[in-house]
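Input: a single structure, listed below in structure tokens.
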2 protein chains.
Amino acid sequence: MKNGPDIAALASLIGDPARANILAALMGGKALTAGECAAEAGISAPAASGHLAKLLDAGLLVVLVQGRHRYYNLAGPDIAEAVETLMGLAARVGLRRTRPGPREAAMRKARFCYDHLAGDAATALFARLVDNGMLVAQADGLGLSPGGRLRFLAEGIDIAALEAKPRPLCRACLDWSERRPHLAGSLGAAIARLAIERGWCRREAASRAVHVSPDGERALLALAEPASDRTPDAGGQDADQSKHPARRA
Amino acid sequence: MKNGPDIAALASLIGDPARANILAALMGGKALTAGECAAEAGISAPAASGHLAKLLDAGLLVVLVQGRHRYYNLAGPDIAEAVETLMGLAARVGLRRTRPGPREAAMRKARFCYDHLAGDAATALFARLVDNGMLVAQADGLGLSPGGRLRFLAEGIDIAALEAKPRPLCRACLDWSERRPHLAGSLGAAIARLAIERGWCRREAASRAVHVSPDGERALLALAEPASDRTPDAGGQDADQSKHPARRA
DNA sequence: TTGATGTTTTGGCGAAGAGTGAAGCATTGT
DNA sequence: ACAATGCTTCACTCTTCGCCAAAACATCAA
């Protein structure tokens with residue numbers, strides 16, 4: 001009974017409404033200052049500071065000090081994944097925060113899950129990647145087939161550089177709104193960056209929600225089509241793909 | 001901020017040490033009476049009753065009334081999966097409950113994760129199933145290839161019956177001790193039943209830990225070998241041959 | 001250096017909730 | 001029918017913990 005990791009300490013940390021709000025806000029992927037966190041969570045600045053210190057102490061957050069600003073962010077993708085899982089269970093069990101609302105509909109369509117895309121559009125992309133044989137099962141999870149590798153290399157994504165990192169290249173992250181997987185891992189993050197850079201989608205102001213243009217959605221799904229039979233359909237946004245080397249750290 | 005599921009209510013529910021202990025105990029997969037839960041969590045019977053009522057009310061637990069006994073169990077595999085994810089994050093972040101201890105080593109080797117096997121032995125099985133092309137990626141997650149289906153039919157597992165259920169047949173559940181996936185879903189549960197029935201492993205008294213015999217481990221891994229190579233047996237001694245990760249359709 | 005802004009620390013209040021013990025219900029056995 | 005067992009509910013005490021207000025601290029601009 002007294003074996004295993006201390007799940008209670010972790011869950012109780014997430015269980016506080018103020019801290020949960022902060023974590024949910026940070027799921028958008030961009031770092032927030034203490035003051036912004038306070039505004040997001042609807043608490044005073046001192047309260048936020050205390051909560052952030054606890055989350056930091058537990059290793060869930062990292063902080064980047066820049067002058068008098070302190071930018072807090074999730075410590076890593078695994079933490080985002082656990083929060084996403086919790087959200088999924090909460091949604092399934094029927095614990096909604098309020099009524100669905102219009103804002104939530106936008107989040108279901110597309111949103112950021114820390115550093116990669118989630119929601120309806122992202123699960124659709126995952127499904128096509130699998131159907132076209134680019135994503136395959138692998139002993140340690142999910143992998144990229146040779147064909148998939150070529151396809152993303154053609155888009156200027158440096159797969160070898162991604163593989164050099166300790167973080168797995170591909171991971172299936174279970175979407176909380178859809179109940180199907182979307183692509184996480186360093187490749188998922190690279191695709192999200194690509195989508196933003198090329199204007200396929202734009203992030204909403206202070207929310208995880210992402211607005212995907214119709215052309216952008218087509219271009220996103222076109223990533224799953226093999227390089228050979230790629231048909232330049234109505235999406236005109238992706239004409240400038242050749243001038244993006246897309247080498248990132 | 002005010003979107004999405006109420007993660008705080010859920011996490012705060014899990015965050016109480018007593019409730020976390022109860023959930024951890026129920027992760028073993030077998031239903032416990034209120035009194036047993038109290039003993040597991042180290043609290044009084046009324047306290048346990050109150051906690052169980054809350055978990056029940058939130059839909060995390062189900063209860064089976066039999067005479068004067070009330071058997072509590074996890075409400076479903078998805079809840080077990082979320083708890084397993086939390087355990088993984090807690091372990092990674094470094095929140096151990098106490099010292100590692102010998103008990104935990106046994107749990108790392110093999111244990112029950114609600115209704116399927118987890119731990120070193122289970123992740124090894126998963127890896128071989130993938131290498132031998134029995135588990136393949138699928139648009140909605142993970143699927144069983146025709147070859148895999150034949151193999152498990154040969155073991156007497158009624159795949160069609162499993163597919164008829166709403167629960168997915170195969171799921172990749174991230175192991176908290178290993179950081180690799182093991183097989184969950186109804187097929188994972190069926191394999192665990194098989195392993196118990198055939199004596200490949202036996203459950204420890206009041207723990208999630210499972211003791212796997214050397215022969216049992218070989219037999220378990222032999223499930224991943226294509227049907228043509230083997231004859232259906234009960235305790236394969238000869239499972240070790242030169243392996244060809246042959247790709248099957 | 002002075003002033004302004006962002007952030008953290010302290011002290012004290014207040015409310016939420018966990019625990020205990022005793023009583024109330026249901027079921028089982030003699 | 002009576003007693004015993006297992007579980008739940010109730011009433012109460014107590015600790016815990018989060019919040020706010022004010023102040024201390026650090027950094028940047030003038």
task: For nucleotides 16-30 of chain C, just jot down a letter per nucleotide in 5' to 3' order: B, S or -, based on protein non-hydrogen atoms under 4.0 Å.
output: --SSSBB----BS--

- prompt: Reading DNA chain D 5' to 3', which nucleotide is the first, and which the last, to come under 4.0 Å of any heavy atom in chain B?
  reply: D:dT5 to D:dT9

- prompt: Given side chains that start at C-beta, do those of A:Y114 and A:L74 come closer than 4.5 Å, heavy atoms only?
  reply: yes

- request: Please determine if B:K109 and B:E178 form a salt bridge, counting it only when a charged side-chain N lies under 4.0 Å from a carboxylate O.
  value: no

- prompt: Taking atom CG of A:L183 and atom CG of A:L117, what is their separation to the nearest 0.5 Å?
  reply: 9.5 Å

query: Does the pair A:K30/A:E36 count as a salt bridge with the N-to-O cut at 4.0 Å?
result: no

- request: Determine, for A:D78 against A:R167, whether the closest basic-nitrogen to carboxylate-oxygen distance falls under 4.0 angstrom.
  value: no

query: Contact class for B:Y71 (heavy atom, under 4.0 Å): base, sugar-phosphate, or nothing?
result: nothing

message: Salt bridge or not between B:R180 and B:D175? Use side-chain N to carboxylate O under 4.0 Å.
response: no

field: Residue that, paired with B:W200, satisfies side-chain contact (heavy atoms from CB on, under 4.5 Å) out of B:D215, B:L194, B:V212
entry: B:L194

task: Using salt bridge (charged side-chain N to carboxylate O under 4.0 Å, His left out) as the criterion, list what pairs up with A:E84, not counting sequence neighbours.
output: A:R111, A:R208

